[in-house]
Amino acid sequence: MSDKQRNEKDSQWSCAECGVELTLGSVEVQYMGSRYPADLLRCEKCGQVYVPEELANTKMALIEKLLEDK
Amino acid sequence: MASAWALPPKSLKLSRLFFQMDQTDLRELEARCIQECAPWCEASCPIHVEAKSLCVAIAAGKFAEAAKIIRKTIPFPYIISNVCDRPCEDSCKRGQIGGAISIRALEKAALDFSPFEKAKIRPLPARSGRVAIIGGGLSGLTAALELTKKGYKAVIFEASERLGGRLWSYPDSSLPKENIERDFQVIQDLAIAIEFNRSLSTDFSLNDLRCDFQAIYLAIGANPMGDPNLFDFSPSGFSIDPISFGANMDGVFAGGSIRRGDLVHSPITSISDGKRAATSIDRFLQGVSVTASRENEGPYNTRLFTSIEGIELAARVSMKNPATGYPQDEAIKEASRCLRCECLECVKVCEYLATFKGYPKKYIRQIYNNLSIVMGQRHGNKLINSCSLCGLCKEVCPEDLHMGEVCKNARETMVEQGKMPPSAHEFAILDMEFSNGEECSLLRHQPGYDKSKLVFFPGCRLGGASPHNVEKTYEYLTQRLNDGVGLMLRCCGAPADWAGRKDKYSEAIEALRDNWIGMGSPTVITACSSCHLLLRKAIPEMSLVSLWEIIDTHGIPENVGVDLTDVAVALHDPCSSRNEPEVQEAVRNILRQLGISSEELPLNRRFTECCGYGGLMCFANRELSANVIRTRIEYSAKDYVAYCAVCQDHFLSQGKKSFHLLDLIFGVKELDDSLKRPVNYSLIRDRRSFLKKRLLEKFWGETVRAFDESEDVKLHLSPEVRDLIADRLILDDDLKKVIQYAEESGRKLVNKANGHFLAHHTLGNVTFWVEYSRDEDVFAVHNAYSHRMQILEEPKR
Ligand code: SF4
Ligand code: SF4
Ligand code: SF4
Ligand SMILES: [Zn+2]
């Protein structure tokens with residue numbers, strides 16, 4: 001999938017609760033006792049985030065592994 | 001979005017690890033691995049020339065590199081490469097299969113085909129200490145050179161008018177005079193003082209020298225005349241220490257032919273003696289022990305093991321022109337015959353050991369560091385958690401080293417230190433707890449009995465693979481055996497043991513033991529070799545018998561009515577059966593009773609391989625586990641038969657048609673291709689709880705209260721999605737919980753294009769995402785994924 005296609009696909013999600021489009025915002029993530037900020041699409045109104053499949057399976061998985069091996 | 005997902009900052013706080021595993025134990029284990037021991041050539045060379053590296057370099061055509069290797073160790077390379085008495089060749093491993101490598105001829109070739117280089121020696125800053133060297137032969141010159149390098153002032157006393165002693169008596173054809181001159185140039189370059197025509201006892205006495213010199217090295221060659229006046233003392237009282245070469249006179253050392261007598265002329269030993277004497281003299285002058293830690297000086301027996309099995313015979317490459325030695329092409333050919341001796345027996349048979357590109361000695365050091373130092377190495381955890389603990393390494397290791405034990409101990413230490421990443425084994429532990437929970441576990445005497453002489457323990461994976469086979473087997477056992485065969489459904493606790501979770505492990509074992517004692521301590525019939533192995537270790541007083549021995553003894557079930565004589569399979573022994581030859585034999589007998597012809601795999605019985613599940617390898621290192629399975633299934637084109645449910649599942653998961661022995665015993669000889677699927681833990685769980693209900697109903701006539709279906713979330717998954725989520729270790733139960741949460745809370749995303757919902761929810765340590773749509777009361781799942789990293793959402797409600 002190209003970046004463009006992916007972006008299009010990602011932008012198709014909106015918050016079902018608030019009916020609001022998702023926008024990019026800074027969110028804190030935490031694993032193995034380390035915290036740091038990350039940019040994610042989220043509902044500005046209620047804070048509900050969106051983690052795309054691709055992000056979970058690649059970057060997040062990689063960072064998890066790195067933190068586990070520290 | 002990418003930029004914010006950079007790798008974690010370096011400044012992450014790392015807590016100090018405290019090392020609980022006994023350090024000396026690890027050190028001992030590390031010392032046991034002989035992979036780094038010297039090959040025979042090097043060990044038997046008195047100065048330990050690295051002949052293996054020499055061969056490697058020449059085989060690659062790198063003659064200059066080869067020359068460097070020689071110059072590093074041999075002080076007079078142009079002489080030695082012609083006249084060495086080559087003890088290395090006598091012990092060369094290649095000697096057993098075609099003839100020793102012509103190491104000396106290769107040394108000569110290395111020098112012949114690389115440019116002449118003067119020895120480059122830069123002495124250390126001058127130190128106090130004058131040493132008299134008596135005798136300007138190879139031994140004396142070597143000592144003079146070594147001591148000069150160390151900064152001492154050496155003076156050579158030579159009885160004749162030139163250096164080299166009997167080197168000059170070689171014919172030019174074996175040692176050209178210019179080689180001697182080339183090699184001795186360095187003595188002149190270093191301006192080492194030489195007094196020619198000065199011989200001991202005629203021109204001076206040892207006592208004379210002892211006034212001027214703090215140490216003396218006697219390297220005068222053998223005493224040809226047996227001249228009693230050679231020494232200022234009675235020669236019968238003259239003795240030489242075999243380690244330090246120290247004579248029984250303070251500051252006097254002796255080596256070379258004088259030490260060995262005239263009969264053994266050995267130029268290389270003379271050089272070795274010179275080096276060793278120089279070491280002693282240096283230590284003597286510094287006032288430290290001359291005998292401490294001097295192992296492996298001079299020739300010694302190496303501990304190395306190198307297998308020559310399967311290596312083809314190859315004779316020495318003969319020289320077209322012996323007078324000039326090997327030309328380049330011949331040298332390359334000869335060097336290529338070198339076996340490059342090393343052990344690696346375990347690495348050859350273990351994919352895990354091979355993947356990390358080292359060998360146990362190295363790994364144990366890494367593990368040691370991983371457990372003891374502040375910052376873990378990047379691959380330490382993975383290394384520790386990837387081993388299948390199968391013990392094949394120990395079977396093939398000449399030193400009986402068991403990497404699995406090292407890894408398991410390390411896991412226990414990591415758990416105790418709180419450094420075990422939960423992702424490694426959590427899924428398997430939860431699965432074990434599910435097996436031992438209300439939904440699956442069961443304990444009963446045989447119907448109509450109030451005690452059990454025997455109890456059938458199928459293990460959690462057999463029930464999870466085929467409830468049908470468990471049912472049939474229990475039926476068989478109750479019919480064939482008298483005195484009551486009870487039933488115990490639960491997990492033995494192996495996952496907790498493998499994960500290093502001593503707490504969970506002893507919990508599981510204690511519960512099992514209580515159950516067993518409650519039944520009157522019956523003999524336990526196991527269907528799974530891993531249960532068998534674990535119970536034997538955990539509850540030594542438990543009497544155990546394998547289901548396969550029972551079936552072998554009592555005969556296969558009758559009236560199955562299926563002709564199996566056309567079935568041809570290859571038999572896989574589970575790794576946990578490795579040390580159970582009787583069980584392995586029973587399985588073969590059963591196959592014979594069934595009329596099935598079965599092929600043996602190359603690594604079988606004691607040397608069988610793990611299927612990639614042992615030690616929870618498949619959870620900690622999925623890629624490796626898949627590789628292990630793929631290698632294993634390629635040994636034979638025949639369908640496999642396994643007698644462990646996990647082995648069968650694993651082979652199927654990579655597309656290999658595989659039976660469980662019970663399939664064949666109960667007459668199933670066709671396997672549907674649809675079984676070739678990723679291992680599906682949802683299915684496994686469903687089958688386990690089904691098994692309990694089914695057996696209670698069938699044998700004890702108890703109906704289990706049906707699960708309240710109305711409360712249940714009904715799922716629909718296409719086969720593709722089913723495989724995908726099975727592969728991602730996501731359970732149906734997880735999907736249901738996420739959907740239920742989303743539907744009740746309303747917290748979900750919606751897709752404008754197709755109306756799908758996407759919801760996430762954290763269960764335990766894992767956050768699951770489920771994409772679904774709803775059709776009345778059925779939820780169609782389109783995708784699911786998970787991560788362990790927590791997102792700290794701030795709901796602004
Ligand atoms: S085969 Fe090669 S490495 Fe082995 S002993 Fe001989 S020269 Fe040395
Ligand atoms: S226990 Fe098995 S997997 Fe582990 S190192 Fe030994 S042979 Fe390899
Ligand atoms: S078999 Fe493996 S562990 Fe044993 S000595 Fe050889 S390399 Fe070392
Ligand atoms: Zn919202």
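Protein chains get the first letters and strands the later ones, always in sequence-line order, with residue 1 at the start of each. Just so it is clear, the model here is predicted, and its values are computed rather than measured.
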Nearest 0.5 Å please: distance from the CD1 atom of Ile730(B) over to the OH atom of Tyr785(B). 10.0 Å
Which residues in residues 753-766 of chain B have any heavy atom lying under 4.5 Å from a heavy atom of chain A? Ala753(B), His756(B), Phe757(B), Leu758(B), His760(B)
With side chains defined as the heavy atoms from C-beta onward, is the minimum distance between Leu735(B) and Leu717(B) less than 4.5 Å? yes
Under 4.5 Å from any heavy atom of chain B, what part of Val49(A) do you find: side chain, backbone, both or neither? both
Most chain B-contacting option - heavy-atom pairs closer than 4.5 Å, from Ser14(A), Cys18(A), Ala61(A): Ser14(A)
My understanding is that only residues two or more places apart in sequence, or in another chain, count here; which of them pass salt bridge (charged side-chain N to carboxylate O under 4.0 Å, His left out) with Lys736(B)? Asp712(B)
Using the side-chain hydrogen bond (donor to acceptor under 3.5 Å, both in side chains) criterion, which residues pair with Ser625(B)? Sequence neighbours excluded. none
Only counting residues at least two apart or in another chain, list the ones meeting side-chain hydrogen bond (donor to acceptor under 3.5 Å, both in side chains) with Ser682(B). Asp732(B)
State whether Glu743(B) and Lys748(B) are salt-bridged, where the test is any N-O pair (Lys NZ or Arg NE/NH1/NH2 against Asp/Glu carboxylate O) under 4.0 Å. yes
Heavy-atom distances under 4.5 Å only: say whether Thr767(B) touches chain A with side chain, backbone, both or neither. neither
Would Arg747(B) and Glu17(A) count as a salt bridge (Lys or Arg N to Asp or Glu O under 4.0 Å) here? Give the steps. CA-CA 6 Å; Arg747(B) 219 162 157 72; Glu17(A) 225 179 347; 3.4 Å; yes
